[in-house]
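For reference, the structure discussed in these notes is given below.
Throughout, a chain's letter reflects where its sequence line sits, starting with A, and its residues are numbered from 1.
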2 protein chains.
Amino acid sequence: MTRRITLRDLATETGLSKGTVSRALNGYPDISPATVARVREASERIGYRPLALAQSIRTGRSRSIGLVLQMEQHDAQRPFLAEFLRGITRAASAQDWTLTVATAESEDEGLETYLRLITERKADGFILPRTLRQDPRVALLRDAGFPFVLFGRTEDSTECAWFDIRGERAMQQAVTRLATFGHRRIAFIGADSIYTYATKRLDGYRTGMTEAGLSPCITTGHATAEDGAAALEALLDGDAPPTGVICATDLLAVGAVRSCRARGLKVGHDISIIGYDGSREGQAMEPPLTTFAVDQVAAGTRLAEMLIARIGGTDPHELRETADAVLREGGTDGPPPGN
Amino acid sequence: MTRRITLRDLATETGLSKGTVSRALNGYPDISPATVARVREASERIGYRPLALAQSIRTGRSRSIGLVLQMEQHDAQRPFLAEFLRGITRAASAQDWTLTVATAESEDEGLETYLRLITERKADGFILPRTLRQDPRVALLRDAGFPFVLFGRTEDSTECAWFDIRGERAMQQAVTRLATFGHRRIAFIGADSIYTYATKRLDGYRTGMTEAGLSPCITTGHATAEDGAAALEALLDGDAPPTGVICATDLLAVGAVRSCRARGLKVGHDISIIGYDGSREGQAMEPPLTTFAVDQVAAGTRLAEMLIARIGGTDPHELRETADAVLREGGTDGPPPGN
DNA sequence: GAACGCACCGAAACCGGTTTCGTCAACCAC
DNA sequence: GTGGTTGACGAAACCGGTTTCGGTGCGTTC
């Protein structure tokens with residue numbers, strides 16, 4: 001373990017003072033270009049790397065991205081967390097940032113955790129996953145004047161930077177796809193509308209149905225596979241059972257498929273089911289679920305980049321992006337029976 | 001944003017000097033018990049919390065646990081990462097520690113990442129997931145004299161602290177279970193033997209077979225679901241096709257089940273399959289996979305606690321624990337046909 | 001009663017950086 | 001030639017802690 005190379009080392013190496021070297025590296029205007037170049041070169045040569053935490057004690061910045069995972073229901077089952085983290089950390093380490101992760105068991109504990117991370121300066125900003133339509137975290141961070149980036153929008157996005165997947169477009173595509181197959185009774189099994197994504201996806205379904213000239217059939221507020229199964233049961237027991245079903249999440253779709261099987265319906269033939277997420281459970285099924293896959297690595301990458309920019313002072317209005325989920329054709333959908 | 005409560009505040013509050021207060025809080029022997037109590041009380045009262053990063057600049061400790069995820073093949077597909085993180089962060093934050101996560105695309109990049117985190121003091125120690133039999137990370141950290149805890153053992157565990165799940169016992173149980181059902185030809189589809197867990201599980205299978213007085217039938221080196229499917233194909237095409245199959249991972253089992261279905265075999269009836277992991281894919285299947293589930297939250301919790309103890313100076317020999325995977329009965333196994 | 005040892009605490013240096021402030025020389029205008 | 005800017009840097013304070021060092025008051029000892 002050789003001693004770290006410190007700023008003082010760089011100072012003696014260049015024959016300058018500590019302060020001058022520091023300002024040279026940080027782009028202060030009162031250092032001559034020649035000196036800046038000299039310092040840069042020497043820094044490179046002897047392999048100087050500033051100690052982020054030493055900087056942070058004065059600057060208040062720790063070069064670290066915060067991510068708080070709320071472990072209630074949904075978040076506990078994040079199949080793509082690894083991919084998401086990969087995206088974040090890749091973008092972060094490219095700029096010498098790191099990722100600090102915390103978890104919370106409830107919403108309240110989550111909010112406390114944000115405050116704790118802020119006061120302990122463990123993070124300079126946060127990525128907020130799985131936004132709610134009315135999100136208390138947004139209120140909290142906005143009040144605290146602390147930078148953040150949303151993964152998904154909220155109802156009131158004033159002064160917010162966000163990155164979102166156009167789930168509404170995917171759902172619309174799903175309707176179009178089924179309608180083109182010849183389906184006329186297409187139902188939607190939706191998630192809990194406290195989540196923004198849930199209402200967005202529902203909107204997309206509605207739009208698609210209107211476009212296709214069909215009348216919607218909607219049930220919402222579902223979360224688990226069991227919910228999905230129950231919802232489909234109810235639909236099939238109704239007056240006009242659907243021939244096509246679009247689910248807001250793969251989890252719901254998996255449940256729906258299960259209850260079809262229980263009734264002896266051949267999915268993809270007797271009934272069509274489309275999900276959303278591109279989850280592994282969906283792909284492990286036989287036949288694999290037709291679904292819309294989200295590139296979680298890309299999402300994480302962009303979110304991290306945007307957050308770092310936001311922390312750097314970029315206007316939040318410039319930090320708003322969307323990406324599309326892409327159709328992954330499986331074997332759970334097709335023409336309706338009799339076509 | 002009110003200003004942080006700093007050590008100086010606490011000093012003026014108690015009428016002591018900064019240094020004395022610091023030593024009082026850190027248990028130095030040259031402070032009278034009365035003073036220590038007084039400082040503790042005042043600290044509690046005004047809500048003082050030391051700024052970890054400020055401490056760390058002098059002490060070299062950042063009160064942070066490091067976790068590097070290697071994203072090659074396996075790790076990218078960690079269904080339980082959220083659970084694992086939950087365990088870690090819960091134990092960590094209970095002692096005012098945090099978790100720093102990084103990812104790496106390859107082994108080499110992984111090793112570099114460890115060095116980077118060490119020199120930047122982003123972590124005081126590491127949890128090493130998914131250990132190899134011969135693990136270069138162990139060599140690296142041991143050389144650097146940096147504390148770590150293994151999730152799983154390595155071949156050479158000298159001076160190592162570890163936590164492991166007794167996969168061998170689970171596999172042995174699996175054999176016993178199938179043998180009790182009446183199976184006599186029980187095959188094993190194993191994973192890549194560079195991983196310790198793979199050889200351990202194989203050992204368990206071997207032990208179980210010997211106990212049951214049966215002769216083993218082994219194929220190893222498999223990773224993906226496709227591998228599992230292909231392995232089972234080969235077994236079924238062999239001279240004495242097995243009636244029971246034990247897979248080292250759920251992923252392999254999912255593949256195996258798939259190829260059974262393709263052949264028209266009814267899993268759980270015509271052939272029995274048991275997995276290991278307790279993965280969501282396995283549970284999403286119809287019928288759900290019989291498997292051995294691992295409590296990832298508990299694993300993360302213990303690993304974090306052990307690492308903190310290790311960093312605190314506890315002898316690694318005292319930090320060695322195992323836990324068992326528990327059988328989760330699904331519908332993919334039962335008596336062999338004709339019983 | 002002076003010398004000694006010890007328990008207890010304050011002062012100050014220190015960790016590795018950042019930032020403020022002041023200085024000095026060179027340049028400019030008049 | 002004088003005064004006022006300006007550019008470029010050094011010195012020193014600072015951030016919030018930790019740790020070393022030294023000094024005080026008190027009880028012992030001879």
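Atom CG in Leu10(A) sits about 9 Å away from atom P in dG17(C), given to the nearest Å. Distance, Leu25(B) CG to dT19(D) C1': 15 Å, rounded to whole Å. Residue Gln55(B) contributes atom CD, which lies 16 Å from atom P of dG16(C) at whole-angstrom precision. The OH-C1' distance, from Tyr28(A) to dG17(C), rounds to 11 Å in whole Å. Between the CZ atom of Arg63(A) and the C1' atom of dG17(C) there is a distance of 13 Å, given to the nearest Å. Whole-Å rounding puts the Leu7(A) CG to dT19(C) P distance at 12 Å.
Taken from OG in Ser43(B) to CG in Leu10(B), the straight-line distance is 5.5 Å, to the nearest 0.5 Å. To the nearest 0.5 Å, atoms CG (Leu85(A)) and CZ (Arg90(A)) are separated by 12.5 Å.
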Quiz prompt | Sequence-aligned protein contact record of nucleotides 7-15 of chain D, with B where the base is within under 4.0 Å of a protein heavy atom and S where only the sugar-phosphate is | solution = -BBB---BB
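Under the salt bridge (charged side-chain N to carboxylate O under 4.0 Å, His left out) rule, Glu321(A) has a single partner from Arg153(A), Arg302(A), Arg166(A), which is Arg302(A).
Ser22(B) comes within 4.0 angstrom of a base, heavy atoms only.
Listed in residue order, the members of residues 40-52 of chain B having a heavy atom less than 4.0 Å from DNA chain C come to none.
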